[in-house]
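Small disclaimer: the values here were computed from a predicted structure and weren't measured.
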Amino acid sequence: MTSEPVTANAQATGLFRGAPAVAFVLHAAARPGYASALSALDSHITTLVRHRLLRAHERIDRGELPALAEFDLISGLTGLGVYLLHRHGGGDLLTEVLAYLVRLTDPLHLDGQTLPGWWSGQPPADQPAHRFPGGHGNLGIAHGIAGPLALLATATRHGTTVAGQPEAIDRIRGWLEHWRCGTQARPWWPGRISLAESRAGTVGQAGPQRPSWCYGTPGLARAQQLAALALDDQRSARRAEQALAGCVADAQQLTQLVDSSLCHGWAGLVHTVWRTAGDATGDELAARLPTLRDRLSAHLHRPGPPAHDGLLEGTTGVRLVQHTRTGPPVTGWDAVLLLAG
């Protein structure tokens, strides 16, 4: 991991790359011998977070739409906030990140339209621009607004709050509720909303996507459960739990999982259900876990594990999920997924 220089460039690092990624791993390992390296990394991380915050506030002041990498979990300030919460448990720099995320939820007015403050002017990374004229609203926990929601909620549960934080959580919850599709028993959410869909108020997607951590119902349900718990809204927490229970009971959704990975495969589903079940008031999710774990094991047997190492899409993530079956992981590794709560 440190065989080559570690990147600390503010434009090229995030929770999953460069100095913050290395620092998260060293902190999770909790070895006394890593203290000096962590201190040096923290100095760089403080500088890059302040730089990223300055640029984000300047962008908001100009009334421009954000790039996903400004605020998301994988590359943006949400991911950096996760590191600060995991490493320091709070602090002034984390509150500055939370204050930015609160500001991110203020609506933007552009060309006579009112859009949520997290609306990206860019198309989704895997889609051509002509299919998303006017950008898109991203719902996912990895790249979309569910990530900031989960961080705001988790920070609240850990006792770190800033002015407007409950209201920001509610604004995001309201937007996600608006785009809830499906039935009462088996709801689902699209991964992203186009400008045309936003204007029409309806979703063009015919049915639920794969039940993944990154974009599917599992990650979105956990984020909404955490938000409800942060606001002591037991009814909404139960509603989120039931949404996930309906998802994992739907054979048509489960057949869309074609790999075992943490990001968008069986391991991610298993771990998200396990974390959500740990905070649930009912036992439906816990009852489903043995079968889901069997499905993961069967997939690892045939067609086989991922072809490479790695946390999100490789064998490392799968092994971590298999290792985490009872109590919370000692290292707190799954904080990077915003599932731990």
Side-chain angles (χ1 to χ4, degrees), residues 16 73-74 126 140-143 146 182-183 185-191 205-225 240-280 282-341:
F16 288 82
L73 171 63
I74 299 296
D126 61 346
I141 198 168
H143 292 292
T183 66
R186 294 188 180 175
W188 55 272
W189 288 265
Q205 185 174 317
Q209 58 210 355
R210 62 188 174 191
S212 63
W213 162 78
C214 56
Y215 269 104
T217 295
L220 282 159
R222 175 58 169 165
Q224 290 176 87
Q225 181 199 37
E241 295 153 17
Q242 290 172 330
L244 183 51
C247 169
V248 298
D250 186 350
Q252 290 185 327
Q253 288 191 59
L254 296 181
T255 58
Q256 296 184 61
L257 293 176
V258 295
D259 67 65
S260 56
S261 74
L262 190 57
C263 182
H264 43 255
W266 281 102
L269 174 63
V270 167
H271 201 70
T272 306
V273 171
W274 177 73
R275 274 296 191 182
T276 308
D279 287 320
D283 58 3
E284 300 102 316
L285 292 173
R288 292 276 179 180
L289 271 171
T291 300
L292 294 175
R293 287 186 171 125
D294 287 345
R295 295 284 295 269
L296 170 59
S297 297
H299 197 95
L300 289 170
H301 178 68
R302 182 181 295 177
H308 54 83
D309 272 337
L311 177 68
L312 288 181
E313 297 183 342
T315 55
T316 301
V318 176
R319 288 169 180 160
L320 282 167
V321 168
Q322 290 182 304
H323 184 68
T324 307
R325 295 180 65 92
T326 54
V330 174
T331 61
W333 69 267
D334 59 344
V336 297
L337 304 175
L338 275 172
L339 295 177

Can you list everything that forms a side chain to side chain contact (heavy atoms under 4.5 Å, CB included) with S212? Sequence neighbours excluded, please.
R210, C214, Y215, H264
What about the rings of W333 and H271, do their centers lie closer together than 6.0 Å?
yes
Yes or no on side chain to side chain contact (heavy atoms under 4.5 Å, CB included) for T331 and L320, after CA distance, side-chain angles and deciding distance?
CA-CA 11 Å; T331 61; L320 282 167; 5.8 Å; no
So which atom in [X] and which in [Y] form the shortest heavy-atom distance, rounded to 0.1 Å?
X: A267; Y: L296; result: N-CD1, 3.9 Å
X: L254; Y: R295; result: CD1-NH1, 4.1 Å
X: L262; Y: V321; result: CD1-CG2, 3.5 Å
X: S260; Y: P306; result: OG-CD, 3.1 Å
X: A286; Y: A277; result: N-CB, 3.8 Å
X: L285; Y: V273; result: O-CG1, 3.9 Å

Kindly say whether [Y] contributes a backbone atom to a donor-acceptor pair with the side chain of [X] at under 3.5 angstrom?
X: W266; Y: H299; value: no
X: R222; Y: T272; value: no
X: Q225; Y: T276; value: yes

Flag yes if more than 12 heavy atoms outside H308 fall under 6.0 Å of its NE2 atom; otherwise flag no.
yes
May I have all residue pairs that pass salt bridge (charged side-chain N to carboxylate O under 4.0 Å, His left out) and include part of residues 307-335, sequence neighbours excluded?
R275-D334
Distance from [X] atom [atom1] to [Y] atom [atom2], nearest 0.5 Å?
X: Q253; Y: W188; atom1: CD; atom2: CH2; value: 9.5 Å
X: C263; Y: I74; atom1: SG; atom2: CD1; value: 6.5 Å
X: F16; Y: L312; atom1: CZ; atom2: CG; value: 4.5 Å
X: R288; Y: L244; atom1: CZ; atom2: CG; value: 10.5 Å

Less than 3.5 Å apart, any donor N or O on the side chain of Q209 or Q256 sitting next to an acceptor on the other?
no
